[in-house]
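In what follows, a structure is listed as structure tokens, so that the remarks can point back to it.
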Protein chains: 2
Amino acid sequence: MKQTDHRIRVTKMLIRRAFTDLLSRKPIQSISVKELCALAGINRGTFYAHYTDIYDLQEKLEDEMTLDFQKALDPLLHSGKEKPTPLAITAGIFKCLKENMDICTMTLGPYGDKEFASRLINLGRESYIESYSRLFSGATSRQLEYYYAFVSAGCIGLLEKWLADGMTDSAEELAATAEGIMSHGIRFLKAPAL
Amino acid sequence: MKQTDHRIRVTKMLIRRAFTDLLSRKPIQSISVKELCALAGINRGTFYAHYTDIYDLQEKLEDEMTLDFQKALDPLLHSGKEKPTPLAITAGIFKCLKENMDICTMTLGPYGDKEFASRLINLGRESYIESYSRLFSGATSRQLEYYYAFVSAGCIGLLEKWLADGMTDSAEELAATAEGIMSHGIRFLKAPAL
DNA sequence: GAAATAAATCAACAGTGTGTTCAAATATCG
DNA sequence: CGATATTTGAACACACTGTTGATTTATTTC
């Protein structure tokens, strides 16, 4: 059952590289199987042996990356006896992203799949919600929903800008910014280091 | 030079209707010219007389809608002698959107063009920035950029949820929620009506 | 209203990517 | 080495594309 065969792993790696390469230059809808295979240097039939079409490839790659991401994030969320602070969680997620730039291309780049970005962000969300819902037990669930809709989209927007600017700021800095905005709104500007 | 011909307007309207219809059910990349024309009840050659492909159609429709939107927003921004409050601007934008649901399909629906949504939001942004940058003159421009990246994406996320939930809340309510989050972050939950 | 003009239709066309099939060649694993 | 699994290459029908030219239909102008 295990994927031992060396040839398959090489093929899939070639496809993955070619795909992220193309995706950094053009939207997924204008990537054809033909050109992908030409770039990867494999036969078109081989592609169809593993994937049904380009979108199936995207899906499978995203699932794979989600697992990697989850694995990388897991120790942060469940290792220590202490519950991590929201800031630590956010910083951890951002650090994971910075260490996996090819994921960022697939999600945060100009032709990225923003839905997938949203799913990645939400991996850490449960812990996040838990931390905050205790603090704001008076709020209606509807308002909480709106709040999360806002801030999860906001974080993605923040990350897009981060990537667009070359990811020069550290993950911790960016996490602090995100936390500041989420906690204090515009007022974070007066106390950025909070 | 004016587009007087009745036939052209009918054709374009049929195409527009068919396009937004299809876009509410499937992503743009799987909409073919053929099926669009079949649904619109026009000849395929007629489509090519006006647009080069589906993406050209999308672009032209978005430009058109941007003008409509701008026109609808203009009186709000420049009519009175008093400068409108940020809340009023936000509420005005949201009201525009609610009154133009087919724009929302093209932007905020599951298969919408989020880039376009972003552009629409930013139409009101200049006034918005002006109002706030006076209040927070001490902040660095970098932080302001991050803040705007966050909140403009956040607003889109909020609007997506609004649309997904059937746009039941009033535009004013939603604008107040957006304002609350943008101004006070998570604390808006304790003072939602602020 | 009639003539001139413009637009939409229809059919046909080559071109390109798709998804599948098969036998042949090649690499991997036991 | 031999059995097995994967990749290759070629061929195939199929569908959509984008364009063309002749024809029909609608609109504008005089």
Side-chain angles (χ1 to χ4, degrees), chain A residues 1-64 67 106 110-113, chain B residues 1-64 67 106 110-113:
Chain A
M1 211 65 217
K2 227 184 140 213
Q3 219 182 91
T4 40
D5 201 310
H6 187 243
R7 288 167 297 182
I8 293 182
R9 288 192 307 170
V10 169
T11 298
K12 289 197 171 177
M13 193 228 273
L14 288 171
I15 291 176
R16 175 173 170 158
R17 282 199 347 157
F19 183 59
T20 51
D21 182 3
L22 285 172
L23 211 50
S24 69
R25 285 184 278 120
K26 56 164 74 178
I28 188 170
Q29 63 264 19
S30 54
I31 296 175
S32 71
V33 175
K34 194 182 183 187
E35 75 173 330
L36 175 76
C37 292
L39 181 60
I42 62 161
N43 189 275
R44 209 159 53 84
T46 308
F47 176 90
Y48 286 113
H50 297 290
Y51 310 99
T52 65
D53 58 30
I54 292 286
Y55 296 98
D56 181 51
L57 166 63
Q58 180 188 40
E59 207 178 309
K60 297 236 171 87
L61 280 183
E62 287 182 350
D63 288 347
E64 193 183 307
L67 285 178
M106 289 214 25
Y111 308 117
D113 178 2
Chain B
M1 210 69 215
K2 228 185 139 212
Q3 218 182 93
T4 40
D5 201 312
H6 187 242
R7 290 167 296 182
I8 293 181
R9 288 192 309 168
V10 169
T11 298
K12 288 198 171 176
M13 194 228 274
L14 288 172
I15 291 176
R16 175 174 170 156
R17 282 199 345 157
F19 184 59
T20 51
D21 182 2
L22 284 172
L23 211 51
S24 69
R25 286 184 278 118
K26 57 165 71 177
I28 188 171
Q29 61 264 20
S30 53
I31 295 176
S32 71
V33 175
K34 193 183 183 185
E35 74 173 331
L36 176 74
C37 293
L39 181 61
I42 63 159
N43 190 273
R44 208 159 52 84
T46 308
F47 176 89
Y48 286 113
H50 296 290
Y51 309 99
T52 65
D53 58 29
I54 292 285
Y55 296 99
D56 180 51
L57 165 64
Q58 180 189 40
E59 207 177 308
K60 297 237 172 85
L61 280 183
E62 288 182 350
D63 287 348
E64 194 184 307
L67 285 178
M106 287 213 24
Y111 308 117
D113 178 3

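The sequence lines fix the lettering, A, B, ..., with proteins before strands; numbering per chain opens at 1.
- Sequence order on DNA chain D of the closest nucleotides to A/Arg44 and A/Ala49 puts A/Ala49 first from the 5' end.
- Looking at A/Gln58 and A/Phe19, their side chains come closer than 4.5 Å, going by heavy atoms from C-beta outward.
- Looking at A/Lys60 and A/Asp56, a side-chain N of the basic residue comes within less than 4.0 Å of a carboxylate O on the acidic one, giving a salt bridge.
- Atom-to-atom, CD1 of B/Ile31 to P of D/dT17 comes out at 11 Å; the value is rounded to the nearest Å.
- Side-chain proximity of B/Tyr48 to the nucleotides D/dT19, C/dT18, D/dT7 is greatest for D/dT19.
- Using a cutoff of 4.0 Å between basic side-chain nitrogens and carboxylate oxygens, A/Arg9 and A/Asp5 are not scored as salt-bridged.
- The interatomic distance linking B/Leu36 (CG) with D/dG18 (P) rounds to 13 Å, in whole Å.
- Comparing C/dG19, C/dA7, C/dT18 by their nearest atom to the side chain of B/Ile8 picks out C/dA7.
- Separating the NZ atom of B/Lys12 from the C1' atom of C/dA8 is a distance of 14 Å, rounded to the nearest angstrom.
- Between B/Arg9 atom CZ and D/dT28 atom P the separation is 9 Å, expressed in whole Å.
- Proximity of B/Thr11 to the phosphate of C/dA7: no side-chain N or O atom is located under 4.0 Å from OP1 or OP2.
- Atom CD1 of B/Ile54 is separated from atom C1' of D/dG18 by 13 Å (rounded to the nearest Å).
- Within 4.0 Å (heavy atoms only), B/Ser32 reaches sugar-phosphate atoms of the nucleic acid but no base atom.
- Here the C1' atom of nucleotide C/dA11 and the NZ atom of B/Lys34 are 14 Å apart, to the nearest Å.
- Ranked by how close their nearest DNA chain D nucleotide is to the 5' end, A/His50 and B/Gly45 are led by A/His50.
- In the set D/dT27, D/dC16, D/dA5, D/dA5 carries the atom at the smallest distance from any side-chain atom of A/Asp5.
- Comparing C/dG19, D/dT8, D/dT19 against the side chain of A/Ile42 picks out D/dT8 as the nearest.
- In this structure, B/Leu14 atom CG and C/dA8 atom P are separated by 10 Å, rounded to whole Å.
- The side chain of A/His6 has C/dC29 as its nearest neighbour among D/dG18, C/dC29, D/dT8.
- Within the 4.5 Å cutoff, the side chain of B/Val33 has no heavy atoms near those of the B/Tyr51 side chain.
- Checked by distance alone, B/Arg7 brings a side-chain donor or acceptor within 3.5 Å of a matching partner on the base of D/dA26.
- For B/Asn43, whose side chain is taken as the heavy atoms from C-beta onward, the closest listed nucleotide among C/dG19, D/dT17, C/dC10 is C/dC10.
- Following rounding to the nearest Å, B/Gln29 (CD) and C/dT18 (P) show an atom-to-atom distance of 14 Å.
- Ion pairing between a basic and an acidic side chain is recognised when a charged N comes within 4.0 Å of a carboxylate O; A/Glu64 and A/Lys12 show no such pairing.
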